Undergrad: 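One structure, as structure tokens, below. Some questions next.
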There are 2 protein chains.
Amino acid sequence: MKNPQKKCLAAGMKRTPQRLAVLAYLDGNTSHPSAEDVYRALSKRNPTLSFATVYNTLNALTETGTIGELTIDPERRRFDPNTMPHHHLICIQCKKIVDIMKDITVELPADSAKGFSISGSHVEFYGYCSRCGSKRRPQ
Amino acid sequence: MKNPQKKCLAAGMKRTPQRLAVLAYLDGNTSHPSAEDVYRALSKRNPTLSFATVYNTLNALTETGTIGELTIDPERRRFDPNTMPHHHLICIQCKKIVDIMKDITVELPADSAKGFSISGSHVEFYGYCSRCGSKRRPQ
DNA sequence: CTGGCTGCAAATCTTTTGCATCCTG
DNA sequence: CAGGATGCAAAAGATTTGCAGCCAG
């Protein structure tokens with residue numbers, strides 16, 4: 001289940017060149033690209049690739065759970081090939097998003113669950129990345 | 001600093017009827033409304049209120065930190081008058097978003113911080129709310 | 001072959017902006 | 001009374017959709 005070919009099959013989708021290109025681009029990619037990022041990166045080598053197909057592919061892969069969708073950026077949707085539950089570090093200044101693969105256990109007291117049956121959690125840490133932090137002047 | 005009038009002043013903004021209406025609607029509102037939600041709710045009683053003004057007002061209030069902006073919904077921006085740091089419960093099915101005011105301490109091991117200087121964190125808990133959970137059939 | 005997939009362009013939806021007028025401070 | 005705020009409509013982005021032709025299974 002590591003390579004794009006198998007991921008396509010697993011999702012019950014036809015293995016078209018466009019989809020394989022999208023999957024190859026996403027494979028191991030930790031940049032949390034938007035649909036446009038994917039399109040721009042691929043259209044150089046695949047001149048006939050269309051925006052609609054990128055969106056269709058990303059949506060199909062998201063629906064089958066083959067890739068994940070991030071809700072971190074209010075401007076646009078971002079996609080994440082890493083479907084393992086994980087968390088994120090977000091730079092307040094440059095908006096860079098970095099994965100945290102470490103398992104973080106978050107306890108929610110039963111009296112705060114408001115009747116929800118909780119199946120997972122996602123933590124976003126906000127701060128300055130090393131680059132932006134060092135550029136800030138001491139206040 | 002509890003009422004809309006004072007919030008407007010605090011933000012250095014003129015107290016126009018439109019802004020006071022937006023602030024009054026948001027005051028104590030825990031429904032995390034989108035700009036359209038705000039517009040629809042207010043346009044009934046304020047027929048001349050325009051979409052642009054709602055957006056301008058929400059943006060201005062967000063920039064001054066008078067209200068907060070949620071990044072939970074990939075479809076649209078949502079706003080939250082509650083500026084205290086807090087967390088959220090999200091129903092996977094009906095998408096309802098519920099506040100958790102309880103302070104949750106999340107530890108991030110130093111070796112996972114990737115050079116970030118962390119200033120805050122936000123936890124999203126996913127699951128089924130009481131209504132959706134009871135409607136699910138046992139698999 | 002056949003149904004799913006693609007590319008294109010147009011449509012839709014959310015959010016922003018230009019501008020003349022209005023009104024708060 | 002001046003500058004910020006409003007309303008309108010148009011623009012700008014992001015995403016979706018209709019449709020005719022194409023190609024993977």
Side-chain angles (χ1 to χ4, degrees), chain A residues 4-25 32-64 66-79 95, chain B residues 4-25 32-64 66-79 95:
Chain A
Q5 304 261 348
K6 288 181 184 162
K7 282 189 179 170
C8 231
L9 286 173
M13 297 162 62
K14 286 188 179 176
R15 290 181 297 107
T16 68
Q18 294 85 347
R19 288 176 176 177
L20 293 176
V22 170
L23 281 167
Y25 175 71
H32 313 91
S34 66
E36 193 185 353
D37 294 333
V38 175
Y39 174 72
R40 275 213 313 273
L42 293 179
S43 57
K44 295 169 193 163
R45 291 194 164 276
N46 309 52
T48 83
L49 183 65
S50 75
F51 238 116
T53 297
V54 171
Y55 272 107
N56 286 341
T57 299
L58 291 172
N59 283 340
L61 293 171
T62 302
E63 268 157 36
T64 62
T66 310
I67 63 174
E69 176 182 4
L70 298 186
T71 60
I72 285 176
D73 185 344
E75 314 273 296
R76 73 198 100 267
R77 289 164 68 197
R78 285 161 168 275
F79 299 88
K95 310 297 180 192
Chain B
Q5 303 261 347
K6 287 182 186 163
K7 281 188 179 169
C8 232
L9 286 173
M13 298 162 63
K14 287 187 179 176
R15 290 181 297 108
T16 69
Q18 293 84 347
R19 288 177 174 176
L20 293 176
V22 170
L23 281 167
Y25 176 71
H32 313 92
S34 67
E36 193 187 352
D37 294 334
V38 175
Y39 175 72
R40 276 215 313 274
L42 294 179
S43 57
K44 295 170 194 163
R45 291 194 164 276
N46 309 51
T48 84
L49 184 66
S50 76
F51 239 117
T53 297
V54 171
Y55 271 105
N56 286 341
T57 299
L58 291 172
N59 282 340
L61 293 171
T62 301
E63 268 157 36
T64 61
T66 312
I67 63 175
E69 177 182 2
L70 298 185
T71 60
I72 286 177
D73 185 344
E75 314 272 297
R76 73 200 96 262
R77 289 165 68 198
R78 285 162 169 273
F79 298 89
K95 311 298 182 193

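Throughout, a chain's letter reflects where its sequence line sits, starting with A, and its residues are numbered from 1. Because the structure is predicted, anything quoted here is derived from the model rather than measured.
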Undergrad: Test of understanding: with side-chain hydrogen bond (donor to acceptor under 3.5 Å, both in side chains), list the residues that count as partners of B:Arg77, not counting sequence neighbours.
TA: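 Per chain and number, B:Arg77 pairs via side-chain hydrogen bond (donor to acceptor under 3.5 Å, both in side chains) with B:Asn59, B:Glu69.
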Undergrad: Spell out protein contact along nucleotides 16-23 of chain D as letters: B when the base is contacted, S when just the sugar-phosphate is, - when no protein heavy atom is under 4.0 Å; keep the 5' to 3' order.
TA: BB------
Undergrad: Would you please name every residue forming a salt bridge (charged side-chain N to carboxylate O under 4.0 Å, His left out) with B:Glu63, sequence neighbours left out?
TA: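 Testing B:Glu63 for salt bridge (charged side-chain N to carboxylate O under 4.0 Å, His left out), a comparison that skips the adjacent residues, returns none.
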Undergrad: It should be established whether B:Arg19 places a side-chain nitrogen or oxygen under 4.0 Å from OP1 or OP2 of nucleotide D:dA5.
TA: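 Looking at the OP1 and OP2 atoms of D:dA5, one of them is under 4.0 Å from a side-chain N or O of B:Arg19.
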Undergrad: Decide side chain to side chain contact (heavy atoms under 4.5 Å, CB included) for A:Ile67 and A:Leu58; before the verdict, give the C-alpha distance in whole Å, the side-chain angles of both, and the deciding distance to 0.1 Å.
TA: CA-CA 8 Å; A:Ile67 63 174; A:Leu58 291 172; 3.8 Å; yes
Undergrad: Give, ordered by number, those residues of residues 36-50 of chain A having at least one heavy-atom distance below 4.0 Å to an atom of DNA chain C; if nothing qualifies, reply none.
TA: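 A:Thr48, A:Leu49, A:Ser50 - these, ordered by number, are the residues of the stretch whose heavy atoms sit under 4.0 Å from the strand.
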Undergrad: Give a yes/no on whether any side-chain N or O of B:Thr16 is located under 4.0 angstrom from OP1 or OP2 of D:dA5.
TA: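 Checking B:Thr16 against D:dA5: no side-chain N or O falls below 4.0 Å of OP1 or OP2.
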Undergrad: One pair to check against side chain to side chain contact (heavy atoms under 4.5 Å, CB included): A:Leu23 and A:Leu61. What are the steps and the verdict?
TA: CA-CA 9 Å; A:Leu23 281 167; A:Leu61 293 171; 3.7 Å; yes
Undergrad: What is the distance from CZ of B:Arg15 to C1' of D:dG4, rounded to the nearest Å?
TA: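 Rounding to the nearest Å, CZ of B:Arg15 and C1' of D:dG4 are 15 Å apart.
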Undergrad: Would you mind telling me which residue lines up with the more 5' stretch of DNA chain D, B:Val54 or B:Pro74, judged by nearest nucleotide?
TA: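 Nearest nucleotide further toward 5': that of B:Val54.
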Undergrad: Is there any side-chain hydrogen bond (donor to acceptor under 3.5 Å, both in side chains) pair reaching into residues 42-52 of chain A, and which pairs are they, with sequence neighbours excluded?
TA: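 Passing the test, one end in residues 42-52 of chain A: A:Ser50-A:Thr53.
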Undergrad: Please answer whether the main-chain N or O of A:Ser34 pairs with a side-chain N or O of A:Arg76 as donor and acceptor at a distance below 3.5 Å.
TA: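 Checking the backbone N and O of A:Ser34 against the side chain of A:Arg76, no donor-acceptor pair under 3.5 Å is found.
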Undergrad: Test A:Leu70 against A:Phe79 for side chain to side chain contact (heavy atoms under 4.5 Å, CB included), laying out the working first.
TA: CA-CA 6 Å; A:Leu70 298 186; A:Phe79 299 88; over 6 Å; no
Undergrad: Without decimals, in angstroms, what is the distance between B:Gln18 CD and D:dG4 P?
TA: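 Rounded to the whole Å, the gap is 17 Å.
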Undergrad: Nearest-Å distance, CG (A:Asp73) to P (D:dG13)?
TA: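 Whole-Å distance recorded here is 15 Å.
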Undergrad: Not counting sequence neighbours, which residues clear salt bridge (charged side-chain N to carboxylate O under 4.0 Å, His left out) with B:Glu36? List them please.
TA: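 Once residues adjacent in sequence are excluded, the partners of B:Glu36 under the salt bridge (charged side-chain N to carboxylate O under 4.0 Å, His left out) criterion are B:Arg40.
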Undergrad: Could you check which of D:dA24, C:dT14, D:dT6 has an atom nearest any side-chain atom of A:Pro17?
TA: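 When the side chain of A:Pro17 is considered, D:dA24 is the closest of D:dA24, C:dT14, D:dT6.
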